[in-house]
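Worksheet: the structure to be examined is printed underneath.
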Amino acid sequence: MDVTILARWQFAITTVYHFFFVPLSIGLSLLVAIMQTVYFRSGNETYKRMTKFWGKLLLINFAIGVATGIVQEFQFGMNWAEYSRFVGDIFGAPLAIEALMAFFLESTFLGLWLFGWNKLSKGVHLACIWMVAIGSTISSFWILVANSFMHQPVGYVIRNGRAEMESFGALIANGHVWVQWPHTMMAAICTAAFFVLGISAYHLRRPLSEAGHDMFRRSFQIGAIAAVIGVVGVILAGHAQAQYMIQVQPMKMAAAEAIWETEDPAPMSLFTIASTPEQRDLFVIKVPGLLSFLAYNRFEGAVPGIKDLQAEAEATYGPGNYTPNVFLAYWTFRAMVGAGFAMLGLAVVALYSVLRNRITSSTAFLWLLIPSIGLPYLANATGWIFTEMGRQPWIVYGVMLTSEGVSATVGVGYVLMSLIGFTLVYLGLIAATIFLMLKYARQVPGEEPQMSKQPSLRPAPAGD
Amino acid sequence: MDLNILWFILVAVLFIGFFILEGFDYGVGILLPIMGKTDTERRVVINTVGPVWDGNEVWVLTAGGAIFAAFPHWYATLFSGFYLALFLMLVALIIRAVAFEYRSKAENPKWRAWWDRGIVFGSLIPAILWGVALGNMLRGVPIDADMHYVGTFFDLLNPYAIIGGLTSLSMFLLHGAIFLNLKTSGELSERALHLTRRIGPVTTVMVAIFIVSTYLMTDSFSRLGVNPGPIPIASLGALFAAAYFVHIGRLGWAFLMTSVNIGLSVITIFMALFPRVMVSSLNPDWSLTIYNASSSPKTLTIMSIVALIFIPIVLAYQTWTYWVFRHRISIESELTY
């Protein structure tokens, strides 16, 4: 087996696994901070219970996100040493800044928040959860500054046999950052919103104590509002990102749409079965002009096709295959966009039911929201697989090939062993995480098992 | 002083912070089954580091990031070269992080017993591997003219490096035992004091052996970057001072002394290395130095500004955290973990 393939699998598994938890940590820390702010300002105990309930789920999620983040920080050096040598002058800086500005902030203040309920004043304690939310947001910014350089290298010059930083400002001002970061942040809000909606719906569809009902009703409201903001935001940001991608990485867009020939006006494919080796479609449903519209906001304009772009790349970089895996790009893109529009529909209905004060009127809708917790996860994973696979064969677009970035001295056996080892550990830990999530998500605060020592039908006393 | 030297010092500072802070976390984690006879006692032990272990661990993430940003070749050679060792360490750290958080979230004794094993494993492996890694960095490893590590995993397990691993283990155990004495009360605190008295002499002997074997088994002293002079002896002396303070019952001072011991040990190693960051055992000219492994002056300048702003801020809020959680924990305390 090829060491590059193994190293790529390891990176993919680690990163997708890590990003399984990160969006919820970012989004939920924000929502918990908002809940605690309402509690701080109103003194309403319901919001304190909400803060504790969702906070506990946040902590379970945060721990595993942090743990897998450790691997992220080191795997560039382990498996991608030549990449690290070549771009370290640029790529290392945002990572180190992320650690200094964000990791310390979120980790330290999460500890303060978790252990500080009775040790800090209410205001300082509230500030702690905001620090966690801010820290995780800052963290997402710097890691995407680093990632954006791989998609759109800017502010560098090739010197001393490597990419050296020419302008730090250009790195931050990189247009790619400013379409990708909002898209990712909004996706994080979606993830948390559907998490809150789904778990609240789970509880609301059955009889609850008054306190429990009140808590989940209010959680549902916050979730519905966040869901609409998040989904609309993620779609708008995604649209901006797609328009940007056509300019900067036309090949990725062509692969996403499986357009073999340049077309003007370009139709948008809703469903394509194609023969990728022959680069031709077997069966297609198309909407005329829609892709041009998405690309340029008008129903005309050429969208370059894969064959032309491949020829262009060969002219620029020499012979080679510069086409990413079209099948994967096409379907991951559709899974992401499909999940996004499904979320839009659900979010609108959820908000409508909140505004009409009829959250619990449709048990079917509440049931539907429970599996919908998975939609943002599907979109997050496929979105990242799409954007990173769509960049191939480049590790730094147009500058360095993925196969050139892999560690020169690490043998296949080592990579295979660590790949298997990490994967087994990840599987074990996700089982534990899901077990705990289910355990705590099902508990209604004030109705925990230990409260039921004395059999009573009255709602348990308020408190935590 | 140029920026390359500044960053060499900053990386050393990050490692000193990391070993002093995470050092007692490791010690506490390894001592968990010995200290905690009952489930409640074990929870007390875990809660002594509960609020701070995560923040402490960030020191090594930052050190890793700083090495990447300031010395990319060091980052690439070290992490691809020490591949399997790093893999083991990462597995340990992942399990440990999750174990702290998950252990007490379910009541099943088997669940808790497994996570307790995770905490011990996750603390023991890095406590040893850090010493192995630093020992090898001091001794020199096979690095070729292209900055590539050309040895195997087993080259890293030479007797000298293993002495290094046992030394770091004993230092962290002592540091952790004193920390536990300071942070617990009653019987637990007594038990920690008892452990301190038993571990202390072992640590002192290990540090002495490490210093002697550095003379005998490596040529470090014949190619010192900066002569550390009496610093290694002072590091050993700090342990004697710690023993004295344990004897007179001033454990706070003893903790300060084990911190000094750890700090001076790191300083010794970095001074011996300077200006090299990785010594080639094949050819002195192939060693990585703070000049041939570094980033461009531009990147170093930007990173210096960022570091000089944020390191003091981090120190300020982490110090405040220790102040907030300065009180002892007992089996009557409200236990979060």
Side-chain angles (χ1 to χ4, degrees), chain A residues 59-60 62-64 66-71 73-74 76-79 81-82 84-85 88-93 95-101 103-104 107-112 114-116 118-120 159 164-166 168 407-410 414 417-418 421-422 425 429 432-433 435-436 439-440, chain B residues 47 50-55 57-58 60-62 64-73 75-81 83-84 86-87 90-91 93-98 100-102 105-106 146-150 153 295-296 298-299 302-303 306-307 310-311 314 317-318 321 324-325 334 336:
Chain A
L59 285 161
I60 294 167
F62 216 101
I64 191 157
V66 168
T68 52
I70 306 172
V71 185
E73 186 86 9
F74 295 106
F76 296 106
M78 291 173 73
N79 286 329
E82 299 315 307
S84 302
R85 292 181 203 280
D89 196 55
I90 297 156
F91 195 82
L95 288 192
I97 295 173
E98 182 189 15
L100 269 172
M101 278 176 76
F103 290 167
F104 271 123
S107 299
T108 309
F109 282 93
L110 191 70
L112 274 160
L114 171 59
F115 284 80
N118 301 320
K119 288 202 165 59
L120 300 168
R159 196 161 44 205
E164 293 200 344
M165 197 189 292
E166 181 90 321
F168 185 63
S407 296
T409 54
V410 178
Y414 280 14
M417 189 173 151
S418 63
F422 279 132
V425 172
L429 293 183
T433 306
F435 166 74
L436 281 185
K439 173 177 150 82
Y440 283 96
Chain B
N47 276 275
V52 294
W53 72 267
D54 194 4
E57 194 165 271
V58 178
V60 76
L61 289 181
T62 308
I67 293 177
F68 196 177
F71 306 106
H73 291 293
Y75 175 82
T77 304
L78 178 66
F79 292 163
S80 64
Y83 192 92
L84 281 190
L86 196 64
F87 161 69
L90 289 174
V91 167
L93 291 179
I94 295 172
I95 291 175
R96 177 172 168 272
V98 178
F100 277 134
E101 189 64 46
Y102 286 8
K105 286 204 158 53
D146 299 321
M147 298 186 174
H148 288 138
Y149 176 83
V150 290
F153 174 60
S295 283
S296 64
K298 177 156 194 108
T299 298
I302 291 161
M303 289 310 301
V306 174
F310 281 96
I311 289 179
V314 169
Y317 62 65
Q318 286 212 337
T321 307
V324 170
F325 299 110
E334 184 196 2
T336 307

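First the proteins, then the strands, lettered A, B, ... as listed; each starts at 1.
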Measure across [X] and [Y] and return the closest heavy-atom pair with its distance rounded to 0.1 Å.
X        : Y        : answer
A:Asp89  : B:Pro72  : N-CG, 3.9 Å
A:Ala99  : B:Thr62  : CB-OG1, 3.5 Å
B:Val324 : A:Lys119 : O-CD, 3.7 Å
B:Val98  : A:Ala67  : CG2-CB, 3.9 Å
B:Gly65  : A:Ala96  : O-CB, 3.4 Å
A:Val410 : B:Ser80  : CG2-O, 3.5 Å

Picking from [options], which has the most non-hydrogen pairs under 4.5 angstrom with chain B?
options                              : result
A:Asn118, A:Asn79, A:Ile90, A:Leu110 : A:Asn79
A:Gly88, A:Gly77, A:Ala93            : A:Gly77
A:Gly111, A:Ser107, A:Gly421         : A:Ser107
A:Ser407, A:Ala81, A:Gly69           : A:Ala81

Can you tell which part of [X] gets under 4.5 Å to a heavy atom of chain A, answering side chain, backbone, both or neither?
X        : value
B:Phe153 : both
B:Leu61  : both
B:Ala66  : backbone

(request) Walk me through it: do B:Asn47 and A:Phe115 pass the test side-chain contact (heavy atoms from CB on, under 4.5 Å)? (result) CA-CA 9 Å; B:Asn47 276 275; A:Phe115 284 80; 3.1 Å; yes

(message) Which atoms of A:Glu98 are under 4.5 Å from chain B, going by heavy atoms: the side chain, the backbone, both sets, or neither?
(response)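 It is neither, since no heavy atom gets under 4.5 Å.
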
(request) With a 4.5 angstrom heavy-atom cut-off, could you sort out which part of A:Glu73 is near chain B: side chain, backbone, both or neither? (result)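 Looking at A:Glu73, backbone and side chain both touch chain B.
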
(message) Could you check whether any side-chain heavy atom of A:Ile64 comes within less than 4.5 Å of a side-chain heavy atom of B:Tyr102, counting everything from C-beta outward?
(response)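 Of all side-chain heavy-atom pairs linking B:Tyr102 with A:Ile64, at least one is under 4.5 Å.
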
(message) Before you tell me yes or no, could you show the steps for A:Tyr414 and B:Phe87 under side-chain contact (heavy atoms from CB on, under 4.5 Å), namely the whole-Å CA-CA distance, both residues' side-chain angles and the distance that decides it to 0.1 Å?
(response) CA-CA 9 Å; A:Tyr414 280 14; B:Phe87 161 69; over 6 Å; no

(request) Find the one option among B:Thr77, B:Leu84, B:Leu78, B:Val306 whose heavy-atom pairs under 4.5 Å with chain A are most numerous. (result)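 Sorted descending by pairs with chain A, the first entry is B:Leu84.
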
(message) I need the residue from B:Ala97, B:Ser296, B:Gly55, B:Ala70 with the largest number of non-hydrogen atom pairs under 4.5 Å to chain A.
(response)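 Among B:Ala97, B:Ser296, B:Gly55, B:Ala70, the one with the most close pairs to chain A is B:Ser296.
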
(request) Check step by step if side-chain contact (heavy atoms from CB on, under 4.5 Å) holds for B:Thr299 and A:Phe168. (result) CA-CA 8 Å; B:Thr299 298; A:Phe168 185 63; over 6 Å; no

(request) Please list, chain by chain and in numerical order, all residues satisfying side-chain contact (heavy atoms from CB on, under 4.5 Å) with B:Leu86, sequence neighbours excluded. (result)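 Expected list: A:Phe74, A:Met78, B:Phe79, B:Leu90.
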
(message) Run the side-chain contact (heavy atoms from CB on, under 4.5 Å) test against B:Lys105 and tell me which residues pass, sequence neighbours left out.
(response)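 A:Lys56, A:Ile60, A:Leu436, A:Tyr440, B:Glu101.
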
(message) Would you compute the distance between atom CG of B:Asp54 and atom CZ of A:Phe109 and round it to the nearest 0.5 angstrom?
(response)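 If we round to the nearest 0.5 Å, B:Asp54:CG and A:Phe109:CZ are 13.0 Å apart.
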
(request) Could you label the plane-to-plane angle of the B:Phe68 and A:Phe91 rings as parallel, tilted or perpendicular, counting under 30° as parallel and over 60° as perpendicular? (result)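 It falls in the tilted class, 30° to 60°.
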
